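Comments concern the structure below.
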Amino acid sequence: MAESAKELLSKLVRINSVSSNSNVEIISFLQERCLQLGFHCRRYPYKDDAGVEKLNLVCIAGPTEEIANEVELALVGHTDTVPYDPDWHEATTLIERDGKLFGRGACDSKAFIAAALTAAQALGVAQLRKPLALIFTADEEVGLVGAKRLAAENPIFVSNAIVGEPTSLQPIRAGKGYSLAEVIVRGREAHSAYPELGQSAIIRAARLIMRIDEIAQKLRNEKHPDFSPAFTTLNIGLIRGGTAKNVIAGECRFTLEWRPIPGQESDKFLKYLGHAIEQQKLEDPEFDCQVNAGRTDTGFETPQNARVVKYLEKLTGKGSGTVSFGTEAAQLRQLGADAVVLGPGDIRVAHRTGEYVSAVELEKCVDILRHAIQEFCA
Ligand SMILES: [Zn+2]
């Protein structure tokens, strides 16, 4: 059965696990592998917002027959992938060219999953003196939904975690959070020839947006020097308002996104926004605005001197870094872990047509994870 990480990756890529599909097939495949290796496996099912069946899977092996509820090390990979262009005919066939392994999910994050299983197999569970967990999640690409569910169920305490994402094998010890809000500004519709009869929602929204831009400048004062940029960033990515060129707009809505540095209070921006709205009401007493807060994912930070950080820095020969996007490390922090994000492949090619992972990095990752399991659990 001793197949290579590459062979295993090829089988994982063959299973289409785009987030909108059920991940039962890939979880069943992984569960069977883990059972063969001597792990105890527990499924955590749920239905997503579209009613599709999803599974998180927790596989534990340790020195005793009893299933531990505390593990020394968890290797965590998400089973879902982003969708792929229908013109990419080989998306679910792993193709090797010039040392690169192409396929949807090859890089994000099936390579890590293949490496974790291969590493566990190479060492063998009989060697374990402390419990090891392999955790496979659903719906990472659509808002860390599976990991959030798992964190809420709180099935195990985790001391150390390596969360698989393409980092070119650099250990990442901190990440920014991710928050969203929809802002709806209302005005009064009227014929544009008679402005005194209306109130433009677009002009009102524009004034509020200028205030939001001031908040963005203010947020720059609070710095986390390990990040680039070192502060909470803010973006208005979508705006929509009005119905016709000769109608004073009755409504304007825009979508705000911000990425808070870890350690900043999660509602800090919303408090600033509330204050800005109050200020605007002083100038425009009829100002009408509604804020629908969406996601408020917190960031994470594992101390620079944590054992898992130090160990992976030494093993990879790379200093630890930070990332400005959300990962499941925040949920692993909730389960108690000193969490580090690390995996083969480059995030910059991850969501593209022609996504790939380097075959050499895949093998290196197997080696890193095997050493990590040995260090923490054997
Ligand atoms: Zn990913």
Side-chain angles (χ1 to χ4, degrees), residues 5 8-9 12-13 15-21 23 26-27 29-30 48 54-57 74-85 88 91-92 94 100-117 134-151 161-178 259 295 297-300 302 312 321-334 337 339-358 361-362 365 368-369:
L8 188 53
L9 176 58
L12 292 172
V13 167
I15 304 172
N16 178 339
S17 58
V18 170
S19 310
S20 56
N21 298 345
N23 70 334
I26 190 166
I27 287 286
F29 176 88
L30 293 169
D48 71 13
K54 297 291 171 67
L55 292 171
N56 291 312
L57 181 69
L75 307 180
V76 185
H78 65 85
T79 59
D80 63 318
T81 71
V82 292
Y84 52 88
D85 189 324
W88 184 11
T92 57
L94 193 73
K100 295 170 179 168
L101 305 166
F102 292 86
R104 173 52 84 227
C107 165
D108 187 8
S109 277
K110 291 179 176 178
F112 178 87
I113 293 176
L117 275 171
L134 301 181
I135 300 178
F136 305 112
T137 60
D139 287 334
E140 189 271 348
E141 299 287 2
V142 289
L144 313 170
V145 177
K148 286 176 188 168
R149 289 248 173 190
L150 200 62
I162 302 176
V163 176
E165 283 292 331
T167 69
S168 305
L169 299 177
Q170 183 193 10
I172 299 295
R173 64 167 193 90
K176 285 182 181 174
Y178 187 80
R259 296 170 187 266
R295 281 169 68 177
D297 299 354
T298 53
F300 86 99
T302 298
L312 290 173
T322 63
V323 288
S324 296
F325 50 85
T327 68
E328 295 172 320
Q331 284 71 47
L332 267 295
R333 280 301 273 168
Q334 283 178 40
V340 171
V341 183
L342 177 143
D346 187 332
I347 190 74
R348 288 168 296 185
V349 305
H351 289 188
R352 293 202 322 224
T353 292
E355 156 180 3
Y356 68 85
V357 66
S358 125
E361 270 188 32
L362 174 62
C365 188
I368 290 167
L369 297 181

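Nothing here was measured: the structure is a model prediction, and the numbers come from that model. When a ligand or atom number is given, it counts from 1 through the structure's own listing order.
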Is the shortest side-chain N to carboxylate O distance from D139 to K148 below 4.0 Å? no
Restricting to N/O/S, name the atom of D108 that gets closest to the Zn ion (ligand 1).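 This turns out to be OD1.
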Tell me the angle that NE2 of H78 and OE2 of E165 form around the Zn ion (ligand 1), rounded to 10°.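 Rounded to 10°, it measures 80°.
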Between CG of L57 and CD1 of I27, what distance do you get to the nearest 0.5 Å?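 Atom-to-atom, L57:CG and I27:CD1 are 5.0 Å apart.
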How many angstroms lie between atom CD1 of I26 and atom CG of N16, to the nearest 0.5 angstrom?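 Answer for the CD1-CG pair, I26 versus N16, is 9.5 Å.
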N, O or S from E140 under 2.8 Å to the Zn ion (ligand 1):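 It does not: E140 brings no N, O or S atom closer than 2.8 Å to the Zn ion (ligand 1).
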Would the distance check show the side chain of T79 and the main-chain N or O of T137 forming a donor-acceptor pair, the cut-off being under 3.5 Å? yes
